[in-house]
Amino acid sequence: MFATCTLLTLDEDAATATIHLAGHHEPLISGPDGTREVTAAHGIALGFTSGPQTWPATVIPLPAVGALTLYTDGLTEGHNGTEQQRLGVDGLITLIERLPSTEPAAHVDRLIKEVYALNAGRHTDDLAVLHLAWGRPAPRAAHASEAATAGTTAASDEAKAENEV
């Protein structure tokens with residue numbers, strides 16, 4: 001048995017993120033110039049060999065406004081709306097760039113919903129997404145009814161806080 005893993009360490013003072021990839025694919029970074037896959041060094045997946053291992057570090061400069069998206073391959077291995085083609089990283093980037101700017105939890109929910117719709121149940125795999133966004137003001141409720149609704153979602157607010165940097 002083995003597991004792939006990404007270790008992410010944020011340094012807010014230096015505006016950098018350090019990642020260690022243990023058999024996992026690269027995260028995506030979004031900024032003012034769009035979304036792209038991070039170029040990063042790779043290490044072996046966890047559990048392939050016994051004994052001490054090392055995983056190279058990759059330091060990523062972070063834009064003043066942006067987001068990092070870490071995800072399992074279940075997000076990209078599904079179909080892209082056609083019978084034979086997979087969504088892939090390029091398709092995922094296109095989806096991310098098409099989504100409206102929202103707070104991180106809503107962004108992840110909408111992204112997963114879009115991926116499931118394109119895949120139409122043809123491929124099932126594990127799916128996990130961590131979307132860390134920074135540098136944008138918190139969304140404000142436009143109406144009193146929205147503010148009342150926001151007050152009833154304490155559990156959702158806790159999840160949002162975990163996803164925001």
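Values in this document were obtained by computation on a predicted structure and should not be read as measured data.
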side-chain contact (heavy atoms from CB on, under 4.5 Å) between Leu92 and Leu28: does it pass, once the steps are laid out? CA-CA 10 Å; Leu92 178 60; Leu28 304 177; 3.8 Å; yes
Which heavy atom of [X] sits nearest a heavy atom of [Y], and at what distance?
{"X": "Pro61", "Y": "Thr16", "value": "CA-CG2, 4.3 Å"}
{"X": "Ile19", "Y": "Ala40", "value": "CD1-CB, 3.6 Å"}
{"X": "Ala45", "Y": "Thr4", "value": "CB-CG2, 4.3 Å"}
{"X": "Thr18", "Y": "Ala57", "value": "CG2-CB, 3.8 Å"}
{"X": "Val65", "Y": "Pro32", "value": "O-CD, 3.5 Å"}
{"X": "Ala133", "Y": "Pro104", "value": "CB-CG, 3.8 Å"}

Distance check, rounded to the nearest 0.5 Å: [X] atom [atom1] versus [Y] atom [atom2]?
{"X": "Thr58", "Y": "His42", "atom1": "OG1", "atom2": "NE2", "value": "8.0 Å"}
{"X": "Leu99", "Y": "His131", "atom1": "CG", "atom2": "NE2", "value": "9.0 Å"}
{"X": "Arg110", "Y": "Arg98", "atom1": "CZ", "atom2": "CZ", "value": "11.0 Å"}
{"X": "Thr54", "Y": "Ile44", "atom1": "OG1", "atom2": "CD1", "value": "10.5 Å"}

Answer with yes or no whether the hydrophobic clustering places Leu10 together with Val59; edges join I, L, V, M, F, W, Y residues whose side-chain heavy atoms lie under 4.5 Å apart.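 No, Leu10 and Val59 fall in different hydrophobic clusters.
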Any chain of hydrophobic side-chain contacts (each under 4.5 Å) joining Leu7 to Trp55?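 In one cluster with Leu7: Trp55, no.
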Leu132 pairs by side chain to side chain contact (heavy atoms under 4.5 Å, CB included) with which of Leu62, Leu8, Thr69?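 Testing Leu132 for a side chain to side chain contact (heavy atoms under 4.5 Å, CB included) against Leu62, Leu8, Thr69 leaves exactly one candidate, Leu8.
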So which of Val89, Leu70, Leu21 actually passes side chain to side chain contact (heavy atoms under 4.5 Å, CB included) with Glu26?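 Going through the options one by one, the only one that passes is Leu21.
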Once salt bridge (charged side-chain N to carboxylate O under 4.0 Å, His left out) is applied, what residue pairs with a partner in residues 27-49 remain, sequence neighbours excluded?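 Pairs touching residues 27-49 that pass the test: none.
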May I ask you to decide if [Y]'s main-chain N or O and [X]'s side chain share a donor-acceptor pair within less than 3.5 Å?
{"X": "His25", "Y": "Tyr71", "result": "yes"}
{"X": "Thr35", "Y": "Gly31", "result": "no"}
{"X": "Thr72", "Y": "Ala128", "result": "yes"}

Going by side chain to side chain donor-acceptor pair (under 3.5 Å), name the residues that satisfy it together with His24, two or more places apart in sequence or in a different chain.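 His24: side chain to side chain donor-acceptor pair (under 3.5 Å) contacts with Thr6.
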Pair Leu68, Trp134 - check side-chain contact (heavy atoms from CB on, under 4.5 Å), show working. CA-CA 9 Å; Leu68 279 169; Trp134 61 88; 4.1 Å; yes
